[in-house]
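Report on the structure given below.
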Amino acid sequence: MKVVSNTSPLIGFAKIGRLGLLEQLFQRIMIPCMVYEEFFQACTPMEEQHFKKVATGFIQIVKVERLRPFSRRLDRGESEVLTLALQEQADFVILDDRKAFNEARELQLTAVSTRTVLTFAEERCLISSYREIEDELRENQFYPPNY
């Protein structure tokens, strides 16, 4: 299974020490270099430590050479994510930004949000309740979208 992630979902899962949940669900996640850089610019030392401890084996950093043009104005990270997802014919692209999410859908990509990833985890009995994890995210000032 090919999965590409944007920065925000990675930060959310790192905030609550649950990046390993992504590994359980997807085995491997690809992120473009810009997402890697954005993560380390935005994360706390604890989140950085969690990332380095857990993510090394399952997060693959990929250099995106040539960005595609998109119909919406996206930041560099989101553009790299969508370009990589198209290049790799990803099964899923994990995005919380509404503009990027809508762009992905228009490009026929299967876009999912952090909330959807949590419902996948609940369906596979990896967590008891996606709402409990969502509450934990909110307690840590991370607000997953309602889609």
Side-chain angles (χ1 to χ4, degrees), residues 1-64 67 70-86 88 90-107 109-147:
M1 177 179 307
K2 293 183 180 180
V3 179
V4 178
S5 181
N6 199 14
T7 312
S8 162
L10 297 176
I11 289 172
F13 284 103
K15 280 186 176 300
I16 60 170
R18 291 192 182 248
L19 279 169
L21 188 58
L22 294 173
E23 182 178 20
Q24 289 178 289
L25 284 167
F26 304 118
Q27 288 77 50
R28 180 168 301 281
I29 291 180
M30 292 178 280
I31 62 171
C33 293
M34 183 54 95
V35 166
Y36 182 80
E37 290 172 23
E38 287 175 351
F39 179 88
F40 285 104
Q41 288 171 358
C43 72
T44 66
M46 184 186 79
E47 294 158 6
E48 181 178 338
Q49 183 179 27
H50 177 65
F51 184 94
K52 288 179 177 177
K53 180 181 176 188
V54 177
T56 305
F58 81 96
I59 292 184
Q60 177 185 0
I61 302 155
V62 179
K63 184 173 183 178
V64 175
L67 290 179
F70 297 104
S71 63
R72 290 172 176 79
R73 189 177 207 118
L74 304 173
D75 72 21
R76 175 75 188 208
E78 292 157 352
S79 294
E80 284 193 15
V81 165
L82 293 179
T83 298
L84 180 60
L86 289 165
E88 296 293 328
D91 297 296
F92 295 106
V93 59
I94 309 171
L95 298 157
D96 287 340
D97 178 82
R98 178 53 107 178
K99 282 192 309 184
F101 189 90
N102 290 340
E103 186 79 23
R105 289 277 173 101
E106 285 180 18
L107 294 166
L109 292 168
T110 304
V112 296
S113 67
T114 297
R115 173 180 271 187
T116 305
V117 170
L118 292 173
T119 62
F120 289 167
E122 183 181 68
E123 289 167 2
R124 293 188 180 114
C125 299
L126 298 173
I127 59 174
S128 58
S129 165
Y130 84 88
R131 289 198 171 125
E132 286 177 18
I133 305 301
E134 217 172 41
D135 290 344
E136 191 177 344
L137 286 166
R138 285 191 184 99
E139 289 167 13
N140 285 277
Q141 283 70 55
F142 182 86
Y143 303 94
N146 290 325
Y147 48 87

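- Side-chain contact between Glu103 and Leu95 is absent, with no heavy atoms from C-beta onward closer than 4.5 Å.
- For Thr110 against Asp91, the heavy-atom pair with the smallest separation is CB-O, 3.3 Å.
- Taking OG1 of Thr119 as the reference point, atom CD1 of Ile133 lies at 12.5 Å (rounded to 0.5 Å).
- The shortest side-chain heavy-atom distance between Ile61 and Cys33 falls under the 4.5 Å cut-off.
- A distance of 7.0 Å separates CG in Leu107 from OG in Ser71, rounded to the nearest 0.5 Å.
- For the pair Glu132/Ile127, no side-chain contact is recorded, criterion being any heavy-atom separation below 4.5 Å from C-beta on.
- In this structure a side-chain-to-backbone donor-acceptor pair under 3.5 Å is missing from Asp96 to Ser113.
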Show your working on side chain to side chain contact (heavy atoms under 4.5 Å, CB included) between Phe92 and Thr116 and close with a plain yes or no. CA-CA 11 Å; Phe92 295 106; Thr116 305; over 6 Å; no

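- Residues Arg138 and Tyr143 meet the side-chain proximity criterion, which asks for heavy atoms closer than 4.5 Å.
- Separation of atoms CD (Glu23) and OG1 (Thr56) is listed at 10.0 Å; rounding is to 0.5 Å.
- How far CG of Leu19 is from CD of Gln24: 11.5 Å, rounded to the nearest 0.5 Å.
- Taken to the nearest 0.5 Å, the CZ atom of Arg28 stands 10.0 Å off from the CD1 atom of Ile59.
- Residue pairs meeting the salt bridge (Lys or Arg N to Asp or Glu O under 4.0 Å) criterion with at least one member in residues 34-52, sequence neighbours excluded: Lys15-Glu47, Glu48-Lys52.
- Taking the side chain as every heavy atom from C-beta outward, Phe13 and Thr114 approach each other to under 4.5 Å.
- Considering only heavy atoms from C-beta on, Phe70 comes within 4.5 Å of Thr83 through its side chain.
- Looking at every heavy atom in both residues, Glu134 comes nearest to Leu118 through N-CD1, 4.1 Å.
- The backbone N or O of Phe142 sits nowhere less than 3.5 Å from a side-chain atom of Asn140 that would complete a donor-acceptor pair.
- Shown here for Pro32 and Val4, the closest heavy-atom pair between the two residues is CD-CG1, 4.5 Å.
- Once rounded to the nearest 0.5 Å, the distance linking CD1 of Ile31 with CG of Leu84 reads 9.5 Å.
- Smallest separation of non-hydrogen atoms from Ile94 and Pro9: CG2-CG, 3.5 Å.
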Walk me through whether Arg72 and Glu78 qualify under salt bridge (charged side-chain N to carboxylate O under 4.0 Å, His left out). CA-CA 11 Å; Arg72 290 172 176 79; Glu78 292 157 352; over 6 Å; no

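- Listed for the Asp75 side chain is a donor-acceptor partner under 3.5 Å among the backbone atoms of Gly77.
- For the residue pair Val54 and Gly20, the shortest heavy atom distance occurs at CG1-N, 3.6 Å.
- At least one side-chain heavy atom of Leu10 sits under 4.5 Å from a side-chain heavy atom of Leu22.
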Going through the checks in order, is the ring pair (Phe, Tyr, Trp, His ring centres under 6.0 Å) test met by Phe26 and Phe58? CA-CA 9 Å; Phe26 304 118; Phe58 81 96; 9.2 Å; no

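- Of all non-hydrogen atoms in Glu122 and Ser129, the two that sit nearest each other are OE2-CA, 3.0 Å.
- Within 6.0 Å of atom CD in Gln49, 12 or fewer heavy atoms from other residues, nucleotides or ligands are found, so the atom counts as exposed in its surroundings.
- Looking at Ile16 and Leu137, their side chains come closer than 4.5 Å, going by heavy atoms from C-beta outward.
- The pair Arg76-Glu80 counts as a salt bridge, with a side-chain nitrogen and a carboxylate oxygen less than 4.0 angstrom apart.
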